[in-house]
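By convention in this document, chain letters (A, B, ...) are assigned in the order of the sequence lines, proteins followed by strands, and residues within each chain are numbered from 1.
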Amino acid sequence: MGSFFMEPNAGDGVWFHDETEAGKKMSDTPSQRSRSARVPQGGPGGTPRGRNSTDEIDANLKRTYQQALDLDVPDRFRSLLAALKEKERQQ
Amino acid sequence: MTTAAADPREDLIGHVPALRAFALSLTRNIADADDLVQDTLVKAWDKFGSFTAGTDLRAWLFTILRNQFFSTKRKTKRQVEDPDQVHEQSLFDSPAHDGRLAYGEFQRAFDKLSPEHREVLILVGANGYSCEEAAHVMGVAVGTVKSRTARARARLLDLLGVQSGGDFLPTTEGATAAVMSRSSIRAA
């Protein structure tokens, strides 16, 4: 029967996020685990896990709004305003 | 340094990007958004006598725009939408980068919100208006803005399958989510 060996620091940085092991980091003391569980790190797609969902929504809203702000303004609006100005001048 | 034009109407063109962004959040269709902005500019020009110099011109324009949008929507009694999401895709598909999947999910969920919910989220969450300022633009009570914002956020989270206060983890990326929820390696 073989034995199982593990390097002393092999568990450093390894996190478990399932229901039974939530937030445990192998090298942490119990008090560190408790603190660590409230500050999870690194989520899918580069989204930091643990960021409040409201923050995430606002970040995406700002991004959506900014992308629209960055669109080039079509000439039709400059032409429209020029036409309105000219029409008023003629009146 | 920029200074306000002697005739505030000279400043209108500078507000067009913000008007288009706000219009797009309501219509979710760039052609409809541009038509809405055009109608807004014409109305603003005609009604400029009612604008109080020195006050927030952008907020005044936003009010005209959103009133025009909801008035037209009530008259036509139909949803303003982009069924094929052609414009939405062309506008919002971003280059590959971290968080792209989550953002794509966000966009699809945002599209499914009612215009009223999108409006309040854009004004408060994206444009940075206070609830008081948003209430002024929307012509409703401050309490309405607060409750509508809360409902809009809750609806968005519901569409994304995220519990309030929880992690931003779209459920449709099930396989990835399942793997990531079981274990992850923290960067050194």
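Here the CG-CZ distance, from B:Leu19 to A:Phe77, works out to 8.5 Å after rounding to the nearest 0.5 Å. The CG atom of B:Asn127 sits 3.5 Å away from the OH atom of A:Tyr65 when rounded to the nearest 0.5 Å. Here the straight-line distance linking atom CG of A:Leu69 with atom CG of B:Leu24 works out to 10.5 Å at 0.5 Å rounding.
Side-chain heavy atoms closer than 4.5 Å link hydrophobic residues (I, L, V, M, F, W, Y) into clusters, and following such links, even through other members, never connects B:Leu123 to B:Val142.
Side-chain contact check for A:Thr54 versus B:Leu157: every heavy-atom pair is 4.5 Å or farther apart. Between B:Pro17 and A:Val73 there is a side-chain heavy-atom pair separated by less than 4.5 Å.
A salt bridge is absent between A:Asp70 and B:Arg20: the closest approach of a Lys/Arg side-chain nitrogen to an acidic carboxylate oxygen does not fall below 4.0 angstrom.
More than 12 heavy atoms of other residues, nucleotides or ligands sit less than 6.0 Å from atom CZ of A:Arg76. In the displayed structure, B:His136 atom NE2 is contacted under 6.0 Å by at most 12 heavy atoms of other residues, nucleotides or ligands.
Applying side-chain contact (heavy atoms from CB on, under 4.5 Å) to A:Pro74 and the options B:Val37, B:Val16, B:Asp34 leaves one that passes, B:Asp34.
For residues 81-91 of chain A, heavy-atom neighbours of chain B at less than 4.5 Å comprise A:Leu81, A:Leu84, A:Lys85, A:Glu88, sorted by residue number. Using a 4.5 Å cut-off between non-hydrogen atoms, the part of residues 40-50 of chain B that approaches chain A consists of B:Leu41, B:Val42, B:Trp45.
Of all non-hydrogen atoms in B:Ala126 and A:Leu61, the two that sit nearest each other are CB-O, 3.5 Å. When every heavy atom of B:Gly125 is checked against every heavy atom of A:Asp58, the shortest pair comes out as CA-OD1, 3.8 Å.
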